[in-house]
There are 2 protein chains.
Amino acid sequence: MSYTKTEENYLKAIYGIESKFGESVSTNMLANKLETKASSVTDMVKKLAKKELITYEKYQGVSLTECGKDIAINIIRNHRIWEVFLVEKLKYKWDEVHEIAEQLEHIKSEELVDRLDDFLEHPSFDPHGDPIPDKKGNIPTRKEAIQLNELAIGEEGIIVGVKNTNNEFLQYLEEMNLTLGKKIKVEKEFDFDKSKIIKIEKESVTISKEVSSNLIIEKSQ
Amino acid sequence: MSYTKTEENYLKAIYGIESKFGESVSTNMLANKLETKASSVTDMVKKLAKKELITYEKYQGVSLTECGKDIAINIIRNHRIWEVFLVEKLKYKWDEVHEIAEQLEHIKSEELVDRLDDFLEHPSFDPHGDPIPDKKGNIPTRKEAIQLNELAIGEEGIIVGVKNTNNEFLQYLEEMNLTLGKKIKVEKEFDFDKSKIIKIEKESVTISKEVSSNLIIEKSQ
DNA sequence: TAATATCTTTAGACAAGTCTAAAAATATAT
DNA sequence: ATATATTTTTAGACTTGTCTAAAGATATTA
Ligand SMILES: [Mn+2]
Ligand SMILES: [Mn+2]
Ligand SMILES: [Mn+2]
Ligand SMILES: [Mn+2]
């Protein structure tokens, strides 16, 4: 069975909302995420339900079936592996790859992404630190990943991911040298606005709470 | 301006027929090549004419405008560069890449294929020996490429391309070791059916006229 | 609980691309 | 030159995915 690009994007969107909010996914949330109208969502959701990729009850929102979830995870796998390729091999910046990966993730081929995965030597995380599901749908986890805003003064860690992958945010991080793999240490914290001074490669920079709560850190030791 | 996958495929098909037969391209020829119906072709051809990508006169067939030709060549460039990537980097066989490249050629990105071209170190020919147009649409040529059936007894050459890229034919060539870059020498020719015995890497094989007329050779010296 | 606001669904329409069946034009053969 | 065959176009319908406008259901608030 093969699905249309649109169907795949709906499944991916449902998966994304489900894993962020837990509950069943409402029509409006989907419409919002997919930048479409609620009425369009209702239509599509009926189709997906008929194909047993989601369960749907009128006015009660939707949730993925096992099958739907498998498809969603597979698309996410494709997306993230392509992002690794674009950054590692074609030297794109991490803020330039998302749109292209949105297209590449829908290429229909049993083998293609597996071969790409081999070629890239089986990366576990994409350029934004997001985990890459394996062929069977298993999603790698990190031992002790926390948000930078949860790190206390004096503590150290390594940047392993970003929660927000908005392009402007990624460009800001690049500018500030706050990129994946960098070691950081919290030097000071201002209570009144929760901003922090952190040390990164011998330089001290001030970052807002907005920034620190969107950086994923692996605590040292 | 960006075009739909379907529009791009029509332009590519028109280009292919034009360069093979010279004349203007008939509705039925297009329908045949695109595996669709003549009525569908008429509809689409009107759209493309309105966009000034082709000229079209009722009952008289179509031909590409400069603009339409540029687009067609660009798609062919995409297709062939992706084919090189699939074979060189992902280790696909030459008979496995066409379908995937048919999808990849339509990815919308100004930069993507140029970066891929850099990554592949600017190949001039694809895995089937077909020339890869450069960014400006210039198509590389070979000095003295002829068909193997035009090679006389005793003459030598190197296989540089195939005219027919049918999968079964490509698999046959692979099996017979008649792949790109191989040096061959005509040893004998049978007049009654134009079959030939050729030497390839110390081995002698017999090939039919069907085969020899579909192999492109660069004559030695 | 009743009124109001918000969310969701339905009804009907549209664009892209395709199809079948029939009509119109062109080409071929006698 | 006329009849026949082939090619091409038109007319009308269908599918996918979208939209607006209006109606129906649910949630919120007084
Ligand atoms: Mn992405
Ligand atoms: Mn990512
Ligand atoms: Mn090809
Ligand atoms: Mn090719």
Side-chain angles (χ1 to χ4, degrees), chain A residues 1-14 17-18 20-64 68 71-72 75 102-103 105-108, chain B residues 1-14 17-18 21-64 68 71-72 75 102-103 105-106 108:
Chain A
M1 257 291 160
S2 187
Y3 302 93
T4 68
K5 188 185 285 196
T6 313
E7 289 171 333
E8 289 180 348
N9 281 334
Y10 269 83
L11 294 175
K12 192 166 59 124
I14 296 167
I17 299 171
E18 259 185 358
K20 194 167 175 184
F21 299 99
E23 341 137 16
S24 83
V25 178
S26 76
T27 301
N28 263 359
M29 274 172 124
L30 262 179
N32 199 48
K33 181 143 191 168
L34 291 163
E35 294 181 288
T36 186
K37 303 289 155 157
S39 54
S40 308
V41 171
T42 302
D43 286 347
M44 177 55 78
V45 133
K46 284 180 190 165
K47 274 187 225 166
L48 295 174
K50 191 178 279 177
K51 294 187 181 185
E52 299 189 60
L53 300 171
I54 61 177
T55 59
Y56 164 61
E57 274 186 287
K58 265 193 192 181
Y59 296 101
Q60 305 307 307
V62 301
S63 59
L64 293 172
I71 295 164
I75 302 297
E102 284 290 310
Q103 299 180 60
E105 71 188 9
H106 301 291
I107 299 290
K108 259 76 193 168
Chain B
M1 256 293 156
S2 187
Y3 302 93
T4 67
K5 188 186 284 197
T6 312
E7 288 172 332
E8 290 180 347
N9 280 334
Y10 270 83
L11 295 174
K12 192 166 58 125
I14 295 167
I17 298 170
E18 260 185 358
F21 299 98
E23 343 137 14
S24 83
V25 178
S26 76
T27 302
N28 263 0
M29 274 172 123
L30 262 178
N32 199 48
K33 181 142 190 169
L34 290 163
E35 293 181 289
T36 184
K37 301 290 155 155
S39 54
S40 309
V41 171
T42 302
D43 287 347
M44 177 55 77
V45 132
K46 284 181 189 165
K47 274 187 225 166
L48 295 174
K50 191 179 278 177
K51 295 187 180 184
E52 299 190 61
L53 301 172
I54 61 177
T55 58
Y56 164 60
E57 274 186 286
K58 263 192 190 180
Y59 296 99
Q60 304 306 310
V62 301
S63 59
L64 292 172
I71 296 164
I75 301 297
E102 285 290 310
Q103 299 180 60
E105 70 188 9
H106 301 290
K108 259 75 192 171

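Order of the sequence lines fixes the chain letters, A, B, ..., with proteins taken first and strands second; residue numbering starts at 1 for each chain. Keep in mind the model is a prediction, meaning the values are calculated, not measured.
When rounded to the nearest whole Å, the span between NZ of A/K5 and P of D/dG17 equals 12 Å. Between the NZ atom of B/K47 and the P atom of C/dA15 there is a distance of 11 Å, rounded to whole Å. Taking atom CG of B/N28 as the reference point, atom P of C/dA27 lies 13 Å away to the nearest angstrom. In this entry the distance linking OH of B/Y10 with C1' of C/dA16 reads 11 Å, nearest Å. A straight line from CG of A/L34 to C1' of D/dG17 spans 12 Å, rounded to a whole angstrom. The distance from atom OH of B/Y59 to atom C1' of D/dT6 is 12 Å, rounded to the nearest whole Å. The interatomic distance linking B/D43 (CG) with D/dT15 (P) rounds to 17 Å, in whole Å. Atom pair B/K37:NZ and C/dA21:C1' shows a separation of 12 Å (rounding to whole Å applied).
When side chains are defined from C-beta on, A/V45 counts as touching A/L30, because their heavy atoms get closer than 4.5 Å. You'll find the side chain of A/K33 stays beyond 4.5 Å of the side chain of A/N9, heavy atoms only.
A close approach under 4.0 Å does occur between a side-chain nitrogen or oxygen of A/K46 and OP1 or OP2 of C/dT10. Contact check, B/T36 against C/dG17: no side-chain N or O comes under 4.0 Å of OP1 or OP2. Look at B/T42 and you won't find any side-chain N or O under 4.0 angstrom from OP1 or OP2 of D/dT10.
Comparing C/dT26, D/dT9, C/dC7 by their closest approach to the side chain of B/Y56 singles out D/dT9. With D/dC19, D/dT10, D/dT8 as the choices, the nucleotide that has an atom nearest any side-chain atom of B/T27 turns out to be D/dT8. Among D/dT18, C/dT10, C/dT20, the nucleotide with an atom closest to any side-chain atom of A/S39 is C/dT10.
If you find the closest nucleotide of DNA chain D to A/K58 and to B/Q60, the one lying nearer the 5' end belongs to B/Q60.
At a threshold of 4.0 angstrom between heavy atoms, the contacts of A/S40 include nucleobase atoms, whether or not backbone atoms are also involved. The residue A/T6 sits close only to the backbone: its heavy atoms come under 4.0 Å of sugar-phosphate atoms, none of a base.
B/T42 contributes no side-chain N or O that, together with a main-chain N or O of B/T27, makes up a donor-acceptor pair within less than 3.5 Å. Under a 3.5 Å cut-off, the side chain of B/E8 and the backbone N or O of B/H106 do not form any donor-acceptor pair.
Tested against B/V41, the residues B/V62, B/N28, B/T36 include a single side chain to side chain contact (heavy atoms under 4.5 Å, CB included) partner, B/T36.
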